[in-house]
Amino acid sequence: MTMSAESEQIPALFTPVTVYSLLACGAQFAAGYVLAQLWGKKCSRSDRLVLVWLFYDAIVHITLEGPFVYMSLTGTVATSDNIFAELWKEYGKADTRWLHSDPTIVSLELLTVVLDGWLALVLIYAIIKDKHYRHFVQITLCVCELYGGWMTFCPDWLAGSPNLNTGNWLYLWVYLIFFNGVWVVLPALLLWQSWLALKKTHQSQSALAERKVQ
């Protein structure tokens with residue numbers, strides 16, 4: 001078999017849809033960054049960074065995962081024909097469950113869109129307005145995000161990962177590890193931030209109580 005014949009049988013790794021999909025993700029992040037700068041002018045630098053993530057998080061849940069849930073409840077991504085379907089078909093090259101309305105995936109995404117998207121918006125408001133319930137909502141959202149990530153992949157791992165395509169670096173390192181890992185690393189960091197904030201509050205209250213006793 002000649003080299004040209006082999007190349008004809010191997011699908012192109014980077015297609016126009018691949019490029020559009022990655023650009024769409026970049027545009028969503030850029031939108032989150034701009035919104036964080038506009039709405040978080042009075043916030044600290046660290047809170048503005050948190051707002052970048054939260055705006056991006058809400059945008060993805062609502063504008064990308066929302067259409068996925070709709071397509072999955074009315075049919076499948078594989079049988080849909082629209083711009084959102086093309087984006088999910090591209091991701092489906094790495095994880096085929098997203099193409100065929102897998103019940104576990106659809107259930108998690110339904111919860112993600114409705115609950116996590118709403119919590120992200122509430123948390124944005126709580127940070128901007130410096131509300132007392134900020135860290136309660138932050139902890140709840142982060143736990144939900146981490147739970148969603150675990151339940152997305154653990155069932156498939158236990159079955160031997162039959163739906164995951166790890167055969168090339170784009171699908172493994174970019175689609176599966178990077179885009180899903182972001183929703184593990186950042187929620188974990190925000191949980192740590194909330195832990196430190198609650199610890200500081202407790203120490204301040206304890207010190208105040210001791211002064212009153214004296």
Side-chain angles (χ1 to χ4, degrees), residues 9-15 17-26 28-29 53-54 56-120 139-192:
Q9 294 183 7
I10 300 175
L13 186 59
F14 282 96
T15 65
V17 176
T18 305
V19 176
Y20 298 153
S21 299
L22 295 175
L23 287 176
C25 293
Q28 289 174 323
F29 179 80
W53 159 247
L54 291 174
Y56 174 70
D57 187 43
I59 290 170
V60 170
H61 289 333
I62 295 169
T63 68
L64 187 59
E65 293 172 313
F68 168 80
V69 170
Y70 175 80
M71 288 184 287
S72 298
L73 293 177
T74 58
T76 67
V77 167
T79 58
S80 298
D81 184 19
N82 56 67
I83 187 172
F84 297 106
E86 293 305 314
L87 295 176
W88 282 111
K89 287 175 184 177
E90 178 65 23
Y91 181 77
K93 295 176 181 178
D95 188 341
T96 58
R97 293 175 297 169
W98 301 81
L99 300 175
H100 307 294
S101 300
D102 178 88
T104 299
I105 296 297
V106 176
S107 297
L108 286 171
E109 286 296 340
L110 182 61
L111 186 65
T112 296
V113 172
V114 176
L115 180 60
D116 293 3
W118 178 76
L119 285 174
I139 291 170
T140 304
L141 174 61
C142 291
V143 170
C144 287
E145 299 284 13
L146 292 172
Y147 173 79
W150 176 258
M151 290 304 298
T152 295
F153 288 101
C154 186
D156 206 63
W157 290 337
L158 294 176
S161 302
N163 298 293
L164 304 182
N165 181 359
T166 59
N168 65 69
W169 66 269
L170 178 65
Y171 300 155
L172 174 61
W173 292 102
V174 179
Y175 290 1
L176 293 176
I177 294 181
F178 175 74
F179 281 119
N180 290 287
V182 168
W183 267 269
V184 174
V185 174
L186 291 179
L189 290 175
L190 291 183
L191 279 178
W192 177 246

Problem set entry | Check: Ser72 side chain, Phe68 main-chain N or O, donor-acceptor pair, under 3.5 Å |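 Checking the backbone N and O of Phe68 against the side chain of Ser72, a donor-acceptor pair under 3.5 Å is found.
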
Problem set entry | Check: Ser80 main-chain N/O paired with Lys89 side-chain donor or acceptor under 3.5 Å | yes

Over all heavy atoms of both residues, which pair between [X] and [Y] is shortest? Give the atoms and the distance, please.
| X | Y | answer |
| --- | --- | --- |
| Glu145 | Pro187 | CB-CG, 3.9 Å |
| Trp88 | Met71 | CD1-CE, 3.9 Å |
| Gly75 | Ser101 | O-OG, 2.8 Å |
| Thr63 | Ile59 | OG1-O, 2.6 Å |
| Arg97 | Leu164 | NH2-CD2, 4.3 Å |
| Tyr175 | Tyr91 | O-CE1, 3.4 Å |

Problem set entry | Atom CZ of Phe179 with >12 non-hydrogen neighbours under 6.0 angstrom |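 For Phe179, atom CZ is crowded (more than 12 foreign heavy atoms under 6.0 Å).
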
Exercise. More than 12 foreign heavy atoms under 6.0 Å from CD1 of Ile83: is that the case here?
Worked result: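 Not more than 12 within 6.0 Å, no.
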
Taking the side chain as every heavy atom from C-beta outward, state whether [X] and [Y] have any atom pair closer than 4.5 Å.
| X | Y | answer |
| --- | --- | --- |
| Val184 | Leu146 | yes |
| Trp118 | His61 | no |
| Thr140 | Leu119 | yes |
| Asp102 | Val106 | no |
| Leu190 | Leu186 | no |
| Ser21 | Val17 | yes |

Straight-line distance of [X] [atom1] to [Y] [atom2], nearest 0.5 Å:
| X | Y | atom1 | atom2 | result |
| --- | --- | --- | --- | --- |
| Leu110 | Leu115 | CG | CG | 10.0 Å |
| Tyr147 | Thr112 | OH | OG1 | 10.5 Å |
| Ile139 | Cys144 | CD1 | SG | 12.0 Å |
| Met151 | Leu111 | CE | CG | 11.0 Å |
| Asn165 | Leu170 | CG | CG | 10.0 Å |
| Thr152 | Asn180 | OG1 | CG | 7.0 Å |

Problem set entry | Aromatic ring proximity Trp173/Phe178, centre distance under 6.0 Å |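 No: the rings miss the under 6.0 Å criterion.
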
For this session: Please find out if less than 6.0 Å separates the ring center of Tyr56 from that of Trp183.
Result: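 Here the rings of Trp183 and Tyr56 have centres that are less than 6.0 Å from each other.
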
For this session: Tell me, please, which residues at least two apart from Glu65 pass salt bridge (charged side-chain N to carboxylate O under 4.0 Å, His left out).
Result: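 Salt bridge (charged side-chain N to carboxylate O under 4.0 Å, His left out) check on Glu65 returns nothing, list empty.
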
Problem set entry | Trp53 vs Val182, side chain to side chain contact (heavy atoms under 4.5 Å, CB included): CA-CA, chis, key distance, verdict | CA-CA 10 Å; Trp53 159 247; Val182 168; 3.4 Å; yes

For this session: Using the side chain to side chain contact (heavy atoms under 4.5 Å, CB included) rule, take Leu54 and Leu141 through it: C-alpha gap first, then chi angles, then the decisive distance, then the call.
Result: CA-CA 10 Å; Leu54 291 174; Leu141 174 61; 3.8 Å; yes

Residue pair [X] / [Y], side-chain donor-acceptor N/O under 3.5 Å:
| X | Y | value |
| --- | --- | --- |
| Thr15 | Thr18 | yes |
| Thr79 | Thr76 | yes |
| Asn163 | Asp156 | yes |

Problem set entry | Residues Glu90, Tyr20; criterion side chain to side chain contact (heavy atoms under 4.5 Å, CB included); working and verdict | CA-CA 10 Å; Glu90 178 65 23; Tyr20 298 153; over 6 Å; no

Exercise. Side chain to side chain contact (heavy atoms under 4.5 Å, CB included) between Phe153 and Leu176: does it pass, once the steps are laid out?
Worked result: CA-CA 10 Å; Phe153 288 101; Leu176 293 176; 4.1 Å; yes

